[in-house]
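Here the structure is laid out as structure tokens; the discussion comes afterwards.
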There are 2 protein chains.
Amino acid sequence: MTVQRADARRNYARILAVAEEEVAAHGADASLENIARTAGVGSATVRRHFPSRQTLLEAVFSERIDALVARATASAGAPDARAALLEWLGALTAYASSARGLAEALTLAGTDDPDHAPACCSAKLAGAADPLLQRAAQAGAVAPGVTAADLVTLVTGIVLATEHHQDPAAEANRLLDLTLRGVVPQG
Amino acid sequence: MTVQRADARRNYARILAVAEEEVAAHGADASLENIARTAGVGSATVRRHFPSRQTLLEAVFSERIDALVARATASAGAPDARAALLEWLGALTAYASSARGLAEALTLAGTDDPDHAPACCSAKLAGAADPLLQRAAQAGAVAPGVTAADLVTLVTGIVLATEHHQDPAAEANRLLDLTLRGVVPQG
DNA sequence: GTGCGATACGGAGGGCCCCACCACTTAGCA
DNA sequence: TGCTAAGTGGTGGGGCCCTCCGTATCGCAC
């Protein structure tokens, strides 16, 4: 392929816009067919631009993910490494539990193509969290053996498990706090 | 209804047996229709005995859930309250991550009928965990504000988030350990 | 043993969805 | 202005979920 044709780019954008609304409304298992209908294209066109549901979800969330990544790099040099990490994890949790479908998308990551992994959401987040984690670890604030991927996984799990709560964001935040401080401290 | 007819009871048992295998093989979103076919009954019969997918899942897991509950009550009087709690949580995690679909079933709980809640899996587990938690708390081993439901929710989340890992059980156990000890201790 | 009423069954049909194929349109270069 | 490859969307097959309703079966009463 040389470069995408103009109409293809137009359709891509339109589908993505509709998909954002639809995923926000119905979560990760929004109907692809419905998205196609609303966008005024055939269902095959959706599948061409986004071969799998996972691909579409990643595209939908990628901007916000990038924002979180940027935020992480911005606070990489903050004076209090521990606080910076905590704050970022809080932001991640808040966003993930407000954006229906993100958490499911994160767990699905790496389940299909093994090599497409580095480009996917969770890898990007883990990559962004890593510097924060390293600095906090150097400050002696982090338990041994914790990886950035662990942090993302834990947050994902909390969000998934609180999804059906009333006020999921608050519950998720509370459980995050618990997890960070330790449920049964002084091991 | 007076009492169930003999053939109805037979069908119920047969469906349940098939459902166990099918859920073990395909997780919480196993095909109800396929279960019906394998059991040699019409799909309507499945729906009659188990009005919702959630109902079926609860039935599938109830024996094992009851076993976990029994285990909790058995170790309610153990000398080391903290160790007893930890051990039970480990067992819960191990079972949940080995039994496909259990974690999803736990998160779905209470999402439909508000009053059927007490009978459902997660409530049963939380009820069983509560005495262990209380005793551990009295021993000063538990962070303030932790409820039994929190414990079940956290384990559920960890299991959900590690489901697509290779070796999910080991990963889940590691993350449980992290959560209990605290990722970023000394709050 | 037989008849009857309530209970339980399962097939059929509608709606929705995912997926793959393929004849057709259209953009963009020469 | 033509040509060609890129892109499109309609269509059909396969599944699944769910509901309705005519029918078969059970189990009690006689």
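Throughout, a chain's letter reflects where its sequence line sits, starting with A, and its residues are numbered from 1.
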Next item on the list: To the nearest Å, give me how far apart NE2 (B:H49) and C1' (C:dT7) are.
Entry: 11 Å
Check: Residues two or more places apart in sequence or in another chain: which of them pass side-chain hydrogen bond (donor to acceptor under 3.5 Å, both in side chains) with A:R5?
Finding: A:D7
Next item on the list: Go through the steps for B:L106 and B:V155 under the test side chain to side chain contact (heavy atoms under 4.5 Å, CB included), then give the verdict.
Entry: CA-CA 10 Å; B:L106 286 176; B:V155 168; over 6 Å; no
For a quick test of your reading: what N or O donor-acceptor pairs under 3.5 Å do the side chains of residues 14-27 of chain B make, sequence neighbours left out?
residue: B:R14; atom: NH2; partner: B:N11; partner atom: OD1; Å: 3.2
residue: B:E22; atom: OE2; partner: B:N34; partner atom: ND2; Å: 2.8

Next item on the list: Please name all residues satisfying side-chain hydrogen bond (donor to acceptor under 3.5 Å, both in side chains) with B:T73, sequence neighbours left out, ordered by chain then number.
Entry: none
Contacts under 3.5 angstrom, residues 171-180 of chain A side chains, donor-acceptor by atom type, not counting sequence neighbours:
residue: A:E171; atom: OE2; partner: A:R174; partner atom: NH2; Å: 3.1
residue: A:R174; atom: NH1; partner: B:D150; partner atom: OD2; Å: 3.0
residue: A:R174; atom: NH2; partner: B:D150; partner atom: OD1; Å: 2.6
residue: A:R174; atom: NH2; partner: B:D150; partner atom: OD2; Å: 3.1
residue: A:D177; atom: OD1; partner: A:R181; partner atom: NH1; Å: 3.2
residue: A:D177; atom: OD2; partner: A:R181; partner atom: NH1; Å: 3.4
residue: A:T179; atom: OG1; partner: A:L175; partner atom: O; Å: 2.9

Item checked: Residue list, side chain to side chain contact (heavy atoms under 4.5 Å, CB included) with A:A36, at least two apart or on another chain -> A:V41, A:S43, A:V46
Next item on the list: For A:T55, check side-chain hydrogen bond (donor to acceptor under 3.5 Å, both in side chains) against everything at least two apart and list the hits.
Entry: A:S52
Next item on the list: Using the side-chain hydrogen bond (donor to acceptor under 3.5 Å, both in side chains) rule, collect all pairs that involve residues 83-93 of chain A, keeping only residues at least two apart or in two chains.
Entry: A:R71-A:E87
Margin query: In whole Å, I'd like the distance from the OH atom of A:Y12 to the C1' atom of D:dT8.
Written below: 18 Å
Next item on the list: Sequence neighbours left out, what passes side-chain hydrogen bond (donor to acceptor under 3.5 Å, both in side chains) with A:D66? Give chain and number order.
Entry: A:K124
Margin query: Give the residues of residues 28-38 of chain A touching DNA chain D, defined as any heavy atom closer than 4.0 Å, sorted by residue number.
Written below: none
Notebook entry, point to check: Distance check: side-chain N/O of A:N11 vs OP1/OP2 of D:dT8, anything under 4.0 Å?
Noted result: yes
Next item on the list: Quick one, give me the B/S/- string for nucleotides 19-30 of chain D, reading 5' to 3', where B means a protein heavy atom under 4.0 Å from the base and S means that only happens at the primed atoms, P, OP1 or OP2.
Entry: BB----BSS---
Notebook entry, point to check: Looking at residues at least two apart in the chain, or sitting in another chain, which of them share a ring pair (Phe, Tyr, Trp, His ring centres under 6.0 Å) with A:Y12?
Noted result: A:H49, A:F50
Notebook entry, point to check: Is there a residue in residues 13-25 of chain A whose heavy atoms reach under 4.0 Å of DNA chain D, and which residues are they?
Noted result: none
